[in-house]
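Whatever order the structure lists ligands and atoms in, that order sets their numbers, starting from 1. Everything quoted here is computed from the prediction, not taken from an experiment.
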Amino acid sequence: MTTQEYISEAEEYLLHTYNRYQIVLEKGEGVYLHDTDGKKYLDFASGIAVFAFGYHNREYNEALKEQIDKIIHTSNLFYNIPAANAAKRLAKIAGMSKVFFTNSGTEAIEGAIKTARKYAYNKDGKNNHEIIAMEHSFHGRSMGALSVTGNAKYQEAFKPLIGGVKFAKYNDLESVKALVTEKTCAIIMEPVQGEGGIFPATEEFIKGIRNICDENDILLIFDEIQCGMGRTGKMFAHEYYGVKPDIMTVAKALGCGFPVGAFLTNDLAAVLVPGDHGTTYGGNPLATAAVNKVLDLFENRDILSQVNEVADYLEQKLDAFVQKYDFVKERRGKGLMQGLELSIPVGEVIVQAMDRGLITISAGINVLRLVPPLIITKENVDEMADKLTAVFEQKSL
Ligand SMILES: *Cc1c(COP(=O)(O)O)cnc(C)c1O
């Protein structure tokens with residue numbers, strides 16, 4: 001079949017919920033992807049901040065194959081070895097007490113919301129509790145996750161959403177304070193906003209939020225689905241601020257391609273009991289074998305120092321773009337989660353970069369998002385910068 005035939009078939013049968021780029025990706029090797037026309041791309045998207053250790057990673061692939069031959073699924077009515085290991089390791093790395101594995105980031109958010117509601121219910125026996133979320137946030141597309149996602153465009157057709165959600169301005173502590181009532185059960189935020197346009201929280205904001213939560217017995221939920229798992233140069237982005245959440249959600253790079261997420265709680269927020277929550281697949285042996293291998297890879301390769309080193313270099317290269325081109329307004333981000341705010345259409349830049357063999361994605365309003373695999377080298381950064389320079393030079397003509 002030709003590329004065009006694959007695309008036609010996909011468009012005929014896949015529900016058209018995405019305007020996809022007109023390439024069909026067939027295989028990957030390290031930080032490179034190959035399409036069905038044999039064209040090679042340097043990957044600065046990682047399947048949306050997922051594939052941290054590169055494609056065709058033999059160790060990862062072997063671990064999954066080995067688990068497939070033992071047992072793939074058990075349900076949560078029984079114990080399984082990989083889930084117990086993965087929960088212990090993840091809890092220890094995160095400094096949290098309990099882990100609930102899910103199949104996606106969205107489901108981790110659902111669990112976090114339910115945990116917050118249950119916590120408040122346990123206190124006063126009422127079911128009218130409110131959640132404060134942030135404008136320009138992204139937490140997922142299910143009704144609960146969508147309800148705390150600060151993007152009116154995503155919500156409009158699907159109302160009524162879950163009740164009791166209020167939106168504050170990110171990095172504006174007063175706007176949060178103004179929304180706190182005795183019914184507030186949780187504040188949910190991304191330490192670095194991803195989809196919203198790569199906005200890191202200020203230290204003042206995140207510490208102020210923690211204080212508000214402590215003073216009012218409100219649970220703090222950090223959504224680390226995109227910014228967690230080493231992406232920013234710390235295992236979790238909140239470590240930059242010295243502030244801990246009561247509940248944390250992770251997914252994306254947690255399974256590095258195998259669909260798995262989790263929400264974690266501290267002792268205080270470990271309130272869900274049998275009957276409160278469940279999942280058929282969540283934390284099955286295959287998914288948690290992937291998590292275990294990902295955690296091995298983090299431990300064995302000192303990946304965080306590597307991320308920090310290459311991220312410094314990447315920041316220099318991106319800052320040079322800001323200096324050089326008027327239409328590159330600003331660089332924002334931490335570690336290998338970077339955004340360039342443009343004043344020319346980001347969609348065109350992405351397509352032209354793709355023509356030159358570089359895959360990037362967008363975020364928020366006209367932000368070029370760079371979330372490469374965590375294993376990229378300075379040479380890969382140079383290659384990216386060369387390709388992007390060629391695109392920007394065209395644009396500045
Ligand atoms: C991607 C993302 C989600 C949703 O995760 P899915 O796995 O797509 O359900 C939630 N929150 C943040 C911050 C994300 O980046």
For ligand 1, list every N/O pair with the protein closer than 3.5 Å, one pair per line with the distance.
residue, atom, partner, partner atom, Å
ligand 1, 7 (O), G105, N, 2.8
ligand 1, 9 (O), G105, N, 3.4
ligand 1, 9 (O), T106, N, 2.7
ligand 1, 9 (O), T106, OG1, 2.5
ligand 1, 11 (N), F138, O, 3.2
ligand 1, 11 (N), D223, OD2, 2.7
ligand 1, 15 (O), Q226, NE2, 2.8
ligand 1, 15 (O), K252, NZ, 2.6

Does atom CD (E5) have a neighbourhood of more than 12 heavy atoms from anything else shown, all under 6.0 Å? yes
Flag if over 12 foreign heavy atoms under 6.0 Å of NZ, K27: no
Would you please indicate yes or no on a ring centroid separation below 6.0 angstrom for F392 and F321? yes
Apply side-chain hydrogen bond (donor to acceptor under 3.5 Å, both in side chains) to Y6 and E26, showing your working. CA-CA 11 Å; Y6 287 124; E26 194 172 29; 5.3 Å; no
Looking at K334, R332, R331, which hits salt bridge (charged side-chain N to carboxylate O under 4.0 Å, His left out) with E315?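 So the option named by the test is R331.
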Apply the hydrophobic cluster definition, ILVMFWY joined by side-chain contacts under 4.5 Å directly or through others, and give me every member besides F138.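 Traced through the cluster, F138 reaches M143, L146, Y154, F158, L161.
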